[in-house]
Amino acid sequence: MDIRKNFFYGSLEKKQYDCIKKDIITNNSYTMRGILLVEMILSLFIVIFHPYLEFYKKDPLLPFIVAFLVFGLLFRISRFIANKFKGAIIFMYICVVFIHLFGMAMALMQPRLPAVGFVVYYVTLPLLLTDILVRLYSVMAASALFYLLFANFYVHATSIYIDFWHLMIFTIAIIPIAYFVQLRRFRFFYKRYTTSELEKLDLMTGTYNRNHYERVCRELNGDLRTIFIDVNGLHELNNHYGHKQGDEMLKEVAHALKDSFEMHNTFRIGGDEFVCFSHKTVDQIHQDMIEVNNILAKSHYYISYGVGDEHNLHESLRLAEERMYDQKRAFYAQAQNNRRQA
């Protein structure tokens, strides 16, 4: 068992872990919003019914009002949480700190009673959130030590003794539970990710398929060039040498395109048609396509392509396809001339 991998990447490889960061952010965002909403309701309940609650009626009302406002502010901010992984994780732990502080404050207001409420906060949150074990365990340890430090000044000697053993027992119990819960959750996210990726892929060539291409086209924006590619001679190759040879041809073309334009920008949209997107200049794209053609020519494979550089995506694709057909007609005209001369 790879302990480092389990504690730092949720039992996954680093590349696998990087693939599910977005899912982790989304999951934690929804979970944290739910927790903050519960905390808002709890603090508001205490504010409203403060005079009638036996445990809190002698305590000042201001801390609960402040707690309600803080949780409300965090809840509001959570709607606009940064989509960068580090920003989301930092925000999540800021929320955890305030929730733990709220639990500590409630416990310290009753110095003669065991801090059952805080212990519940302390042991439940790691099971609700999704993060690597190193950070979760570090926050748990810091929270427990912080509470015991303050409790030494405010809590009755008998209660602090009970609190100490509560924290020890629940920590010993929660560490293995959190360990297995987190590892299973990471595996679940990665399995869901791989299933989702398989639905997007053209399994033969390893590029993205037409369904994913159409989804991407609906979401694309910005200064992008489009490259429309058609494989020359696929039909003839299939007829003379069989579909297996045609499949090998498509695989090699797809591999060359992915090397030049990266996997996430390469799509097979039809039998012998591919589309690529690029932020490069038109001249750079032509240079890349010359290199792709040179690589494929070593296997006697040839492609035609067109580049669209319009700001409107649909117009750019139309122009790229039109230019591809112009090049394709020129290719076959040249091939026919060569056969005549031969």
Validation row: F228, F274 side chains within 4.5 angstrom (heavy atoms): no
Crowding at CZ, F98 (>12 non-hydrogen neighbours, <6.0 Å): no
Transitive ILVMFWY side-chain link I169 to L125, under 4.5 Å: no
Polar side chain donor-acceptor pair, S316 to T226, under 3.5 angstrom: yes
Residue pair F64, F68: steps toward the ring pair (Phe, Tyr, Trp, His ring centres under 6.0 Å) verdict: CA-CA 6 Å; F64 298 106; F68 172 74; over 10 Å; no
Pairing of R225 and D309 as salt bridge, 4.0 angstrom limit: no
F170 atom CZ, neighbour heavy-atom count above 12 within 6.0 Å: no
Any side-chain heavy-atom pair of I227 and V275 under 4.5 Å: no
Ion pair E273/R268, N-O distance below 4.0 Å: no
Derivation and outcome, ring pair (Phe, Tyr, Trp, His ring centres under 6.0 Å), residues Y147 and F118: CA-CA 9 Å; Y147 171 74; F118 169 68; 4.8 Å; yes
D247 with K244: basic N within carboxylate O range, under 4.0 Å: no
Check against salt bridge (charged side-chain N to carboxylate O under 4.0 Å, His left out), K258 and E262: CA-CA 5 Å; K258 286 188 290 183; E262 299 184 349; over 6 Å; no
Polar side-chain atom of Q182 near backbone of D131 as donor-acceptor pair, under 3.5 Å: yes
Pair N232-Y301, side-chain donor/acceptor within less than 3.5 Å: no
Side-chain heavy-atom pair T130, T31 within 4.5 angstrom cut-off: no
Check: L237 and V231 side chains under 4.5 Å, non-hydrogen atoms: no
Sub-4.5 Å side-chain heavy-atom contact between L36 and C95: yes
Polar side chain donor-acceptor pair, T171 to Y122, under 3.5 angstrom: yes
Flag side-chain contact, heavy atom, 4.5 Å: L145 against L149: no
Y332 side-chain N/O to G233 backbone N/O, donor-acceptor pair under 3.5 Å: yes
R215 vs K200 side-chain heavy atoms within contact, under 4.5 Å: yes
Within 6.0 angstrom of R184 CZ, more than 12 heavy atoms from elsewhere: no
Verify same cluster id: F153, L101 (apolar side-chain graph, 4.5 Å): yes
For the student: nearest non-hydrogen atoms of I132 and F8, plus distance: CG2-O, 3.0 Å
Salt bridge (charged side-chain N to carboxylate O under 4.0 Å, His left out) between E315 and R318, intermediate numbers included: CA-CA 5 Å; E315 182 61 24; R318 187 198 63 76; 2.5 Å; yes
Parallel, tilted or perpendicular: ring planes of Y208 versus H212, cut at 30 and 60 degrees: tilted
For K191, all residues meeting side-chain hydrogen bond (donor to acceptor under 3.5 Å, both in side chains), sequence neighbours excluded: none
Atom NE2 of H286 with >12 non-hydrogen neighbours under 6.0 angstrom: yes
Over-ring placement of R210 relative to F267, 6.0 Å and 45° cut-offs: no
Heavy-atom side-chain proximity of F189 to N27 below 4.5 angstrom: yes
Salt-bridge contact K251-E248 (side-chain N to carboxylate O under 4.0 Å): yes
Check: F102 ring centroid to F71 ring centroid under 6.0 Å: yes
